[in-house]
Number of protein chains: 2
Amino acid sequence: MVKLTPVTACDACPIRHNAVCADCDSQELAMLEKAKSYRTVPPGTQIAAAGQPLEHFSTIVTGCATLSRTLEDGRRQTVGLLLPSDYIGRPGRATSGYDVEAVSEVTVCRFERRTFERLVRDTPHIAARLLSMTLDELDAARDWAVVLGRMTAREKIATFLVSLARRASASSGEAGPSGAVSLHLPLSREAIADHLGLTIETTSRQITALRKDGLIETPSARDILIPSFERLSLEAGEDDDGGPIV
Amino acid sequence: MVKLTPVTACDACPIRHNAVCADCDSQELAMLEKAKSYRTVPPGTQIAAAGQPLEHFSTIVTGCATLSRTLEDGRRQTVGLLLPSDYIGRPGRATSGYDVEAVSEVTVCRFERRTFERLVRDTPHIAARLLSMTLDELDAARDWAVVLGRMTAREKIATFLVSLARRASASSGEAGPSGAVSLHLPLSREAIADHLGLTIETTSRQITALRKDGLIETPSARDILIPSFERLSLEAGEDDDGGPIV
DNA sequence: CGGTTCATTGAGCCACATCAAGAAGTGTGG
DNA sequence: CCACACTTCTTGATGTGGCTCAATGAACCG
């Protein structure tokens, strides 16, 4: 079930310059190397459960996970999409507030909770980076509230695709996407629906509608080709700056 | 327009133990006292505008403000309700990502941005407290996504009232509210609608419906009496622990 | 006491949900 | 390599919760 992934050197880590360790010098990195461990889980694995103990602070190295909450009657809302360099867990808290589920094979780099809290306390570079990342996450969560509260189904889908394209190009260090962009969806229709506050049927219909309008092509259910990123952005309700919506 | 509020001693400050300064010792407080200034603005004042420069880091001392974003076509979504001890501005960023508007008379305690960034960098007690508060805000924003994405209009209103009651009782240092609770709404119907992703009409109708069902009484449009906090909580979809939804 | 703003209420409609049925992949065993 | 089951996605038909448009009522204020 759980692969015991060999520990790699931080220098070779794909998220070395994006994660909570981004600002660490080589000496600080040495401390992290001693304390860290990796864990790889297959798609569908529940990594944490709302209200349950969570004894590690983890960072996604590769793969994709969802952060969600489910109401008693089964309604689910995904409140965050976790991609490489995003973290799982909250320093200072021993339980998870949300469900975390791997949607693809996920490898995390993790620290025992107490250990990480000590690292945060004693390592200003980590504390500062964690604050900066948390502020970014807060902005992203607030931006998403606008999507959930005020956008139409079509705008939600377009915004989701645009934001995925942005994150994909950001992680590969490019400038903002433009022109034709191709995209692999890490999420099923159902997971997309849960992320956007829609039903699976509406999600599917809106994707079909965007295809019929020539705004996207769908080589397969999980692959999207955006002929013109700019045109899709307009559909997403991008006004002025084209700043990231998530 | 803007009152020049006399600077009070931090020891006498109503949010001394809740704000970003909560963990400071007397020596650190002395530094803050030198750098801080107060500003009081009347209801309706725009405190910050999305995309515009924001040269201060402010903390609400008294009053209530909304944090919102407006789409080009006028649709508005409030992404946060700012109450005493909540902060405005983002260290490390010179512009505001959102509109901030005072909905009652608001007094803030503020620092010039550069000054505050230095304080955060040099004062671990402030950095740690700011991180903790930001993590709390992040949880609140994510919790709100569930409300926006998956709740019915009735549940949204009930959840809003329940969360207001919780915050009111928390700020006066009580245990969680129970039994009969009375509440003053800081927001107009329109502002409530913008917060909940509803229209003003639906907001009004659902408040009327809750009244007709005996879950609330409305002595005036801005005052709510909750005869049984527990019963309203159930209406808000509270399942198990009664933990704060926001 | 008229003007203005804010809240309530009603009538009708529409975007999205729900219910239901296929279609297209995907994996498993023979 | 195919048959079958199973899951995921798509599409259609119908229902409804909340939006839109419109009017009235209530509070505030000069």
Side-chain angles (χ1 to χ4, degrees), chain A residues 42-44 66 71 73-77 101 103-105 147-161 184-213 216-224 235 237, chain B residues 42-44 66 71 73-77 101 103-104 147-161 183-213 216-224 235 237:
Chain A
T66 58
L71 303 178
D73 61 2
R75 285 175 288 176
R76 183 191 314 198
Q77 177 66 49
E101 186 177 337
V103 295
S104 64
E105 180 174 277
V147 176
L148 292 175
R150 291 302 186 197
M151 285 192 178
T152 64
R154 182 186 178 93
E155 288 169 328
K156 285 178 176 180
I157 297 287
T159 300
F160 172 68
L161 296 176
H184 180 77
L185 298 181
L187 303 182
S188 68
R189 295 292 186 269
E190 183 171 24
I192 296 172
D194 286 341
H195 193 37
L196 297 174
L198 298 172
T199 60
I200 184 174
E201 295 94 333
T202 297
T203 301
S204 179
R205 272 188 256 269
Q206 294 299 333
I207 290 175
T208 301
L210 289 177
R211 172 161 41 75
K212 289 192 173 156
D213 293 347
I216 60 174
E217 292 165 34
T218 55
S220 85
R222 290 283 189 125
D223 289 286
I224 302 277
E235 211 65 33
Chain B
T66 58
L71 304 178
D73 60 3
R75 285 175 288 176
R76 182 191 315 195
Q77 178 65 47
E101 187 178 337
V103 294
S104 64
V147 175
L148 292 175
R150 289 303 185 195
M151 285 192 179
T152 64
R154 182 185 178 95
E155 289 170 326
K156 284 179 177 181
I157 298 286
T159 300
F160 173 67
L161 296 176
L183 208 58
H184 181 77
L185 298 181
L187 303 181
S188 69
R189 294 292 186 268
E190 183 171 24
I192 295 172
D194 286 341
H195 192 37
L196 297 174
L198 298 172
T199 59
I200 184 173
E201 295 94 331
T202 297
T203 301
S204 181
R205 274 188 254 269
Q206 294 300 332
I207 290 176
T208 301
L210 289 177
R211 173 162 40 74
K212 289 194 174 155
D213 292 348
I216 60 174
E217 293 165 33
T218 56
S220 85
R222 289 283 189 124
D223 289 287
I224 303 277
E235 210 65 33

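Note that the structure is predicted; figures quoted are calculated from it, not measured. Sequence lines set the chain letters: A, B, ... in the order given, protein chains first and strands last, and positions in each chain run from 1.
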Under a 4.0 Å heavy-atom criterion, the protein footprint on nucleotides 9-22 of chain D, written with B, S and -, is SBBBB----SBBB-
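- Annotation: the span from B/Ile207 atom CD1 to B/Thr202 atom OG1 amounts to 11.0 Å, rounded to 0.5 Å.
- With a 6.0 Å radius and a threshold of 12 heavy atoms from other residues, nucleotides or ligands, A/Glu155 has its CD atom above the threshold.
- Distance CD1 (B/Ile216) to C1' (C/dA7): 14 Å, rounded to an integer number of Å.
- Across all non-hydrogen atoms, the minimal contact from B/Asp194 to B/Arg76 is OD2-CD, 3.4 Å.
- Between the CD atom in A/Gln206 and the CG atom in A/Asp213 there is a gap of 9.5 Å [rounded to 0.5 Å].
- Minimum interatomic distance between A/Arg150 and B/Arg75 (heavy atoms only, all atoms of both residues): O-NH1, 2.9 Å.
- For B/Leu148 and C/dC16, the CG to C1' distance is 17 Å, given to the nearest whole Å.
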